[in-house]
Amino acid sequence: MKYNPEKIERKWQRYWEAKKFYHTKNSPPAGGNYMLLTEFAYPSGNLHIGHWLAFSVPDILARYLKMNGKNVLYPTGFDAFGLPAENAAIQRNINPRDWTEENIKQMTKQLKSIGAMFDWSRAISTIDPEYYKWTQWMFLKMYEKGLAYREKTFVNWCPKDKTVLANEQVKDGYCDRCGTEVEQKELFQWMFKITDYADRLIDDLDKADYPETVRVAQRNWIGRSEGALLKFPIFNPKFSKGGQEYIEVFTTRADTLFGATYLVLAPEHPMVTKLTKDENLSAVSKYLEEVKNKTEMERLHIDKSKTGVNTGGYVLNPINNEKIPIWVADYVIGWYGTGAVMAVPAHDERDYEFAKKFDLPIKEVVKGGNIEKSAFTENGVLTNSDEFDRISSGEARKRIVEKLKEKGLADFKKNYKLHDWVLSRQRYWGVPIPMIRCGPPAGGCGYQPVPEKDLPVELPKLEDFKPTDDGRSPLAKAEGWVNVKCPKCGQEAKRETDTMDTFVDSSWYFLRYADPKNKKEFADKKKLKSWLPVPLYIGGAEHNTMHLLYSRFITKALYDLGCLDFSEPYLARRNHGVILDLTGQKMSKSKGNATDPDKEVSKYGADSVRMYLAFAGPYDQNIIWSAEGLVGIFRFLNRVWNFIGEPVEPKTADKEVDKILNKFTKEIGDDIKDLKFNTGVSGLMKLLNAIEDKWLTKKQYGTFLKLLAPFAPHIAEELWQTVLKNKKSIHLEKWPKYNEALLSDEPIELVIQINGVKREVLKITKGLSEEDVKRIVLDNENVKKHLAGKEIKKFIYIKDRLVNVVV
RNA sequence: GCCGGGAUGGUGGAAUUGGUAUACACGCACGACUUAAAAUCGUGUACCGCAAGGUUUGAGGGUUCGAGUCCCUCUCCCGGCACCA
């Protein structure tokens, strides 16, 4: 019979499903529980080849761990709310729910064709009210703790999607979802106080086994910098009546304070007009108007040359009371720090450029550079700084701040680039924010949380769910839903009509896998304890900042709320790459270069696709899809198919085969454990090459199939049950044990170098002493030839490996 | 600009972490089977050289008996951050 994957794969998938093989029990066996987490899928339409990479390759590890006695949970689910689904539904003029549910059905079918050991009994979907009830519950808990709040701020507004976006969802000034240029709007929004967790989010990165890229990306994103807050007294008769007023600035270079020759306010700074002298007012207003008309893009990227105007106002340098002019310039960012900086042109490139352009004084206070030519931004020794002269920058930073601190004019301060997480969206397809607004904007009870017993606040069915231009969610139109009684006073009130960012839904989904059907809690404490934190989380690098940061934050918040007894959700994280076409382009539907996995599966089978993806390269690197490479794997599986035949009697067992199997049992197992799936596959190939023309016993054939089973579960099962006539599934078998003694039994090849150049390879037994080896080596004809007439200076012997004779 | 990762045959990649560079595949070439092709099997395949031998891991230098691996300088590619004070 020929190898026909289409015939056997469906059959075994049904068999495994019928026998509930992968329905994980809660009680751990001796080996313990292990949740191997992969990122759940967004139901966008069809499964693409990237999903196969994300799910089929880690399945190799899941199966290996199961064979090694772990109670493995390989969960799956759908991250089903969100903008793309909603936009797609609008385009097709159908309801987002219908569209999403249809996709979930289709993708579930496709996911099953992978042959992964997903536990479908625990599958979750974020649009299930039984799930999002707990998303809302968590929001309320956060609200109680003051971690969720509503405030008017400048937010990113996508004019096409008609919703606000979190900072993380804006890429170079464009909407991450649709590519439209993002505008800044000042709106009331719901936010999570993620900034409260900035330090812990950085410091705890070292508590888990995260790849360096993740650590760096998150640290960059949070952007902690340590410096000081300095108060500059305002010198302006207009405002000094009735107590001194100050401009606060943040700086990491307090050591350069004596070099501050002017002060700059961001155009957004609330004090700008107040501080501007009457005769400068028209110039300043004009400038503010100009800046307002610039888009974020122009301000950040196109127009990098410095602009600004003098306000005519002054502050005093707190360290020496020098009078310093106040300027307004848009190179200072409104939201970062205090929106004002002390300008030290001698020691900051931006200030230098600005000072040159507007002819402001440049005063050197740190020695080491040439300020005639450029700003000197490194540390050095202070000069022109009174009592601080000849002190190093590092020391001066401390001392200057300490001195000012005594007068209440400074303090040490950490600053962050991280913003609070704007979580409200003015869109239909999301989890309703469980809040009720009582009374007019002023008066009434204000915002009141929906009582816990009323959860979930279900998303109503809407005929017209299209977004609006007025910054209001489409839910505002659902009058029957919006109008409720205030939970506090019982008066007429309205529901919050914004929905939550989908990243809230996906920030805690892995917790639900521990107890997906629980109606009383988001998960039972005991079950949480037995499954979490996640031992290993595998996913795409595109989630290294957003999703990973958010889920770490929510985990920490839940920990603080007493809901969890761990504060870091994952013990380890590994990234997988993306799939590229032969020209190195990223595969995508829109480019038309995407491989359709269904087609490949119907041609070569799921086993071939799985093994190809595992084989094509290291798992954390990008994979180049090669149709020819896939055929190579298919050929290999055909050879396997033809190899497993009628077993011989144990009496005639080939001992050599045992040795080979023993060696590869260790090698392949180690490879899987280390996520080196590519060399694991090559190990299987080497193994087959070594034993292909030998006759094996049933046990030996079985061992081979067990090594193959995690990679190609269908063909392994077929040959195991139908050719070898085993009654039970191969996927209930244990990973073969290898014999350490047998490994060291092997003769080894000793490399002989003369002056570092390989001259001879000798087969010797393991563990020989240096004297024995020396005798054997110097007796070798080839070695003698190369040594003739030369004096041996050194004889280096690396045990069981190599000899280097230096002459 | 700062930070991180990388560069190995015609291609994807391997290399026990300082010890045989190019495993395993793909591709290609030749051969076998075939009327023929496909499939399959066999042989070869880093480069120079008839050979002995020599050269080779982006470029150059260094440490070492020995470097793809460690150190320094540089080039290019990918990713994160970026007027963040």
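Just so it is clear, the structure is predicted and the values come from calculations on it, not from any experiment. Throughout, a chain's letter reflects where its sequence line sits, starting with A, and its residues are numbered from 1.
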K.L.:
At under 4.0 Å between heavy atoms, how does the protein contact nucleotides 3-12 of chain B? Give one character per nucleotide, 5' to 3', with B, S or -.
P.N.:
SS-------B
K.L.:
Regarding A/N689, tell me which of base, sugar-phosphate or nothing describes its non-hydrogen contacts under 4.0 Å with the strands shown.
P.N.:
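Counting heavy atoms under 4.0 Å across all strands, the contact made by A/N689 is with sugar-phosphate only.
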K.L.:
Pick the P atom in B/rC3 and in B/rA14, then give their distance to the nearest Å.
P.N.:
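To the nearest whole Å, 28 Å.
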K.L.:
Quick check: are there more than 12 heavy atoms from other residues, nucleotides or ligands sitting under 6.0 Å from NZ of A/K659?
P.N.:
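Yes, because the 6.0 Å sphere around NZ of A/K659 holds more than 12 heavy atoms from other groups.
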K.L.:
For the side chain of A/W221, counting heavy atoms from C-beta on, which of B/rG19, B/rA85, B/rC81 is nearest?
P.N.:
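Nearest to the side-chain atoms of A/W221, counting from C-beta on, is B/rC81.
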K.L.:
Could you measure between the two C1' atoms, the one in B/rU34 and the one in B/rG12, and give it in whole Å?
P.N.:
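That atom pair is separated by 33 Å.
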K.L.:
Considering only atom P, compute the distance from B/rU16 to B/rG62 and round it to an integer number of Å.
P.N.:
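26 Å, rounded to whole Å.
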K.L.:
Pull out every protein N or O sitting under 3.5 Å from an N or O of nucleotides 47-49 of chain B, one pair per line with the distance.
P.N.:
none

K.L.:
Kindly point out which of B/rU20, B/rC65, B/rA23 is positioned nearest to the side chain of A/K686?
P.N.:
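Given the options B/rU20, B/rC65, B/rA23, the side chain of A/K686 is closest to B/rA23.
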K.L.:
If we take the C1' atom in both B/rG13 and B/rU22, what is their distance in whole Å?
P.N.:
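The answer is 10 Å between these two C1' atoms.
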K.L.:
In whole angstrom, give me the gap between the C1' atoms of B/rA67 and B/rC71.
P.N.:
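11 Å, rounded to whole Å.
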K.L.:
From CD1 of A/I623 over to C1' of B/rC26, roughly how many Å is that when rounded to an integer?
P.N.:
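Those two atoms, CD1 and C1', are 14 Å apart.
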K.L.:
Syn or anti for B/rU17, please, going by whether the chi angle lies within 90° of 0.
P.N.:
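For B/rU17, whose glycosidic angle is within 90° of 0, the conformation is syn.
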K.L.:
Applying side chain to side chain donor-acceptor pair (under 3.5 Å), name anything that partners A/D693, two or more places apart in sequence or on another chain.
P.N.:
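By the side chain to side chain donor-acceptor pair (under 3.5 Å) rule, A/D693 matches no residue at all.
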K.L.:
Round to a whole Å and report the spacing from OH of A/Y331 to P of B/rC83.
P.N.:
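Distance check: A/Y331 OH to B/rC83 P gives 14 Å.
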K.L.:
Got a list of protein N/O to nucleotides 15-17 of chain B N/O distances below 3.5 Å?
P.N.:
residue	atom	partner	partner atom	Å
B/rU16	O2	A/R801	NH2	3.0

K.L.:
What's the CD-C1' distance between A/Q753 and B/rG18, to the nearest Å?
P.N.:
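My rounded result for the distance is 12 Å.
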K.L.:
Taking the side chain of A/L802 as heavy atoms from C-beta outward, which of B/rG66, B/rA25, B/rU20 is closest to it?
P.N.:
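Selected nucleotide: B/rU20.
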K.L.:
Between A/N638 and A/K2, is any pair of side-chain heavy atoms under 4.5 Å apart?
P.N.:
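Result no, sub-4.5 Å side-chain heavy-atom pair not found.
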K.L.:
Looking only at the side chain of A/S225 (C-beta and beyond, no hydrogens), which of the listed nucleotides B/rA23, B/rA85, B/rU20 gets closest?
P.N.:
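The listed nucleotide nearest to A/S225's side chain is B/rA85.
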K.L.:
For B/rG79, does the O4'-C1'-N9-C4 (purine) or O4'-C1'-N1-C2 (pyrimidine) torsion place it in syn, i.e. within 90° of 0, or in anti?
P.N.:
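You should classify B/rG79 as anti.
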K.L.:
What pairs with A/Q753 under side chain to side chain donor-acceptor pair (under 3.5 Å), at least two apart in sequence or on another chain?
P.N.:
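Partners of A/Q753 by the side chain to side chain donor-acceptor pair (under 3.5 Å) criterion come out as none, since no residue qualifies.
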K.L.:
Over how many whole Å does the gap from A/L637 atom CG to B/rA25 atom C1' extend?
P.N.:
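After rounding, the reported distance stands at 13 Å.
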K.L.:
Nearest whole angstrom, please: distance from the P of B/rC26 to the CE of A/M611.
P.N.:
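Between P of B/rC26 and CE of A/M611: 12 Å.
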K.L.:
I want to check something: taking the side chain as every heavy atom from C-beta on, are A/K363 and A/F258 in contact at a cut-off of under 4.5 Å?
P.N.:
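Yes; the side chains approach each other to less than 4.5 Å.
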K.L.:
Between the base of B/rC81 and the side chain of A/K417, is there a donor-acceptor distance below 3.5 Å?
P.N.:
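Side chain to base: no pair below 3.5 Å.
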K.L.:
Counting side-chain heavy atoms from C-beta on, which of B/rC81, B/rA85, B/rU20 comes nearest to A/V751?
P.N.:
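Nearest to the side chain of A/V751 among the choices is B/rU20.
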K.L.:
Closest to the A/M685 side chain: B/rA23, B/rA25, B/rA85?
P.N.:
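Nucleotide nearest to A/M685's side chain: B/rA25.
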K.L.:
B/rG80, B/rG19, B/rA85: which one has an atom nearest the side-chain heavy atoms of A/I798?
P.N.:
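Nearest nucleotide to the side chain: B/rG19.
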K.L.:
For the P atoms, the ones on B/rU11 and on B/rA23, what distance do you get once it is rounded to whole angstrom?
P.N.:
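Those two atoms are separated by 14 Å.
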K.L.:
May I ask you to say what A/G223 touches in the nucleic acid, namely base, sugar-phosphate or nothing, with a heavy-atom cut-off under 4.0 Å?
P.N.:
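Touches nothing.
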K.L.:
At 4.0 Å (heavy atoms only), tell me whether A/N678 reaches a base, stays on the sugar-phosphate, or touches nothing.
P.N.:
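The residue A/N678 makes sugar-phosphate contact but no base contact.
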K.L.:
Is atom CD of A/E542 surrounded by more than 12 heavy atoms (other residues, nucleotides or ligands) closer than 6.0 Å?
P.N.:
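Counting neighbours around CD of A/E542, more than 12 heavy atoms of other residues, nucleotides or ligands fall under 6.0 Å, so yes.
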K.L.:
Give me the distances for all protein-to-nucleotides 37-44 of chain B N/O pairs that come in under 3.5 Å?
P.N.:
none

K.L.:
Need one value for A/R759: base, sugar-phosphate or nothing, where a base atom within 4.0 Å counts as base even if backbone is also close, heavy atoms only.
P.N.:
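Sugar-phosphate: the residue A/R759, judged by heavy atoms under 4.0 Å, touches backbone atoms but no base.
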K.L.:
Determine the interatomic distance between C1' on B/rU64 and the same-named atom on B/rC72; round to the nearest Å.
P.N.:
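Here B/rU64 and B/rC72 have their C1' atoms 16 Å from each other.
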